[in-house]
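Here the structure is laid out as structure tokens; the discussion comes afterwards.
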Amino acid sequence: MNILTQHFNTKYNTAPFSKIKNEDYLPAIIRGIEKAKAEIDAIVNNSEDPTFENTIEAMEFTGDTLDRASSIFFNLNSAETSDEMQKIAQEVSPLLSEFGNDVRLNGALFAKVKAVYDQKKSLDLSIEQATLLEKKYKSFSRNGANLSEDKKSKLREIDLQLSKLSLQFGENVLAETQAFQLHLTEEKDLSGLPEGAIEAAHLLAKSQDKEGWIFTLDHPSYIPFVTYADNRELRKKMSIAFGSKAFQNNEYDNQAIVLKIAKLRFERAQLLGYKTHAHYVLEERMAQTPEQVISFLNDLLEKAKPAAQKEFEELTVFAKKLDGIDQLEKWDGAYYSEKLKQQLFNLDDEILKPYFQLEKVLDGAFSIAERLYGINFKEIFDIDKYHEEVRTFEVNDKNNELVAVFYADFFPRKGKRNGAWMTSFKAQYVLENKNQRPHISNVCNFTRPTETKPSLLTFNEVTTLFHEFGHGLHGILANTVYPSLSGTSVFWDFVELPSQIMENWCYEAEALALFAHHYQTNELIPIEFVQKIKESASFQEGMATMRQLSFGLLDMGWHGQDPTAISDVKTFETAQFQATQLYPEVKENAMSTAFSHIFQGGYSSGYYSYKWAEVLDADAFAYFQEKGIFNAEVAMKFKDNILSKGGTEHPMVLYKRFRGQEPKPDALLTRAGLL
């Protein structure tokens, strides 16, 4: 009996993680595909005339078994993977890709969808129903339903290749990240490093039965090292190792994969009648066209570049004065920036960390959500989890009705990918008049507690927690009828608004008072620290903006033009970075070969959306500031028009309904000190 194909007989229908075995996944997904195919066949073979209910709505609620099994599998493949899981992923991904194409290229099904779509003007549909119809129709037309049979099979072939290549890309990056270790045995090499980083490195060495300290390319180890280590040669060694992931002409090299993915995406877009992959992607975004994105990025570049160059000159002068450095290199950036920041603001992460104990920060995020949106979080211990370190919470509203189940998974471990993300184990939707509530998860990689200290966060980690929690709230407060329009199922350049706006509360004294208390003395963070955090937030913002824009422009370079003539990753990349380059080129390094956002995640032609969403979040938060950061009326407008609405309407319509106007970049430029 395969537990993944049964109804989960658990509290709130949560996933029974401890009962799932690796050998359950493949059969459950195969069974889920068979069931979903049968449901699709029933729609196709229905002899009645196609209607919104018997076609569009019926399709929306197919594949429940498949959705649950595959979401559990892929979530755990990111948070708790193993060689066996990765092998299953290689088997499962092509099957899902194939099934997706079976649905999208099903001529008889498309004919029914098109029949409903063609009469949409005469149907009395709600806004949400109209959006669903539009999306269902486009999911066919944008995926080749109008193509001839030979072109359809070409499309299938490309999709299959792409799903395998992006998996391979990610596995290579992970393998390269794990392959490198800097093993130090002499204490003098630790000079400058914070105590927490040294302790973590010692624990890692101890766990491998080695003397001394081991540093890795995982962010909680890598970032403190390049930021604080006084030994320039060792910083260089770490930095080059980090920057040359999957660019070493070995078995994990991604250069050929990058070229192949870019070319296949272009070929796919052309096949579907689009000029480039970016034209294809952006049709379903707020930004709409590559031209608009490039002009948006260049416009910000024009405003940020003078500031960035000035900041870089200041940093160069500072490093020369301090250590006689003639030429700043990439491995010097974080180190001297931190030193300059300390000199200007006397605010180093190590001074702040005692005020940011992980548990208190999490409680702070919960309190802020409660004050804004009237929900409360209660830790529960009677639902299953996939790792003992995961914490589980019940989210309830003022009437004590269940709003969501929330999972929090905070520490790095073997088999968990780098970075931080929000995901869901079960979507929110309404079926047979019952509002099915979502199961939402935040996964991060924060500094672990040690033998002597609890987990203390850097300020950057605090904002990461709030960011992911913002995505979490978008999922938790979802309130739509259809699962495919629920929660974070919105245009990609809109999805970062709920997450990025949450970061703003981390800079406000009124919000910090809720959680920034010293872990030993319980003393509230001193107000001068808060002032300095705010002032230092725009420190080197010109350089930070240039860096973000460089990634966005590189992404558009790969996807917004014909890539067929590109033969060398490094040469192409160097040309793309020309307008944004501050540091000398490092010949051993390449960005693209480990640019997982665009070659493995869903950010291809979408990296600009971080900046796009910053414009939205600064503009939206300016509204909160105007009325009060806990203003109930503004919070309700944000909840009702943005957080609960998912993708039921065009995001610009939702935004204007919340704000009363289109977003302007002025609030962002002011906040960044660039105006």
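Along the sequence shown, the residues carry numbers beginning at 1.
When all heavy atoms of Asn143 and Leu272 are compared, the pair lying nearest together is C-CD2, 3.8 Å. When every heavy atom of Val44 is checked against every heavy atom of Ala108, the shortest pair comes out as CG1-CB, 3.6 Å. Across Ile501 and Asp617, no two heavy atoms sit closer than the pair N-CB, 3.7 Å. Here the closest heavy-atom approach between residue Met502 and residue Gly470 is recorded as CG-CA, 3.4 Å. For the residue pair Thr62 and Asp67, the shortest heavy atom distance occurs at O-OD2, 4.2 Å.
In Gln661, the CD atom is crowded: over 12 heavy atoms of neighbouring residues, nucleotides or ligands sit closer than 6.0 Å. Other residues, nucleotides and ligands contribute only 12 or fewer heavy atoms inside 6.0 Å of the NZ atom of Lys260.
Residues Glu128 and Lys645 are not paired through a salt bridge, judged by the lack of any N-O separation under 4.0 Å between the basic side chain and the carboxylate. Classification of Asp150 and Lys154 as a salt-bridged pair fails, no side-chain N sitting under 4.0 Å from a carboxylate O. Between Glu284 and Lys135 no salt bridge is recorded (no basic side-chain N to carboxylate O distance below 4.0 Å). Contact check on Glu585 versus Lys570 returns a salt bridge, with a Lys/Arg side-chain nitrogen under 4.0 Å from an Asp/Glu carboxylate oxygen. A salt bridge links Glu60 and Lys136; the closest N-O separation between the charged side-chain nitrogens and carboxylate oxygens is under 4.0 Å.
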Query raised in the report: Would Leu95 and Leu26 satisfy side chain to side chain contact (heavy atoms under 4.5 Å, CB included), going step by step from the backbone distance to the final call?
Result: CA-CA 10 Å; Leu95 293 178; Leu26 187 60; 3.9 Å; yes

Query - Check against side chain to side chain donor-acceptor pair (under 3.5 Å), Gln436 and Lys426 - result: CA-CA 9 Å; Gln436 297 283 340; Lys426 177 179 174 290; 3.2 Å; yes

Report task. Please step through ring-ring contact (aromatic ring centres under 6.0 Å, His included) for the pair Tyr482 and Tyr429, ending with a clear verdict. Result -> CA-CA 5 Å; Tyr482 303 116; Tyr429 54 90; 9.8 Å; no

Requested in this report: Begin with the C-alpha distance, continue with both residues' side-chain angles, and end with the deciding distance and a verdict on salt bridge (Lys or Arg N to Asp or Glu O under 4.0 Å) for Lys611 and Glu614.
Outcome: CA-CA 5 Å; Lys611 271 287 162 225; Glu614 270 185 59; 3.0 Å; yes

**Report entry** Chi angles and distances behind the side chain to side chain contact (heavy atoms under 4.5 Å, CB included) call for Arg657, Leu654
**Finding:** CA-CA 5 Å; Arg657 201 175 294 147; Leu654 294 175; 4.0 Å; yes

Requested in this report: Applying ring-ring contact (aromatic ring centres under 6.0 Å, His included), run through Phe551 and Tyr610 and close with a yes or a no.
Outcome: CA-CA 10 Å; Phe551 297 163; Tyr610 281 108; 9.7 Å; no

Requested in this report: List the steps and the verdict of ring-ring contact (aromatic ring centres under 6.0 Å, His included) for Phe110 and Tyr137.
Outcome: CA-CA 8 Å; Phe110 179 55; Tyr137 177 76; 5.7 Å; yes

Requested in this report: Output, in order, the C-alpha distance, side-chain angles, deciding distance and verdict of side chain to side chain donor-acceptor pair (under 3.5 Å) for Asn435 and Arg437.
Outcome: CA-CA 6 Å; Asn435 196 327; Arg437 297 312 302 165; 3.1 Å; yes

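No side-chain heavy atom of Asn254 sits less than 4.5 Å from a side-chain heavy atom of Phe599. The closest side-chain heavy-atom distance from Arg417 to Val443 is not below 4.5 Å. With a 4.5 Å cut-off on side-chain heavy atoms, Tyr603 and Asp555 do not count as touching. Using a 4.5 Å heavy-atom cutoff, the side chains of Met556 and Gln576 are not in contact. Considering only heavy atoms from C-beta on, His597 comes within 4.5 Å of Phe595 through its side chain.
One distance of note links CZ of Arg547 with OG1 of Thr580; it measures 11.0 Å at 0.5 Å rounding.
Ring planes of Tyr280 and Tyr274: perpendicular class, angle over 60° (limits at 30 and 60°). Using a 30° and 60° split on the angle between ring planes, His277 and His559 fall in the tilted class, from 30° to 60°. Below 30°, between 30° and 60°, or above 60°: for Trp558 and Phe572 the angle between ring planes is between 30° and 60°, a tilted geometry.
Judged by the 6.0 Å distance and 45° axis criteria, Arg68 is not positioned over the aromatic ring of Phe425.
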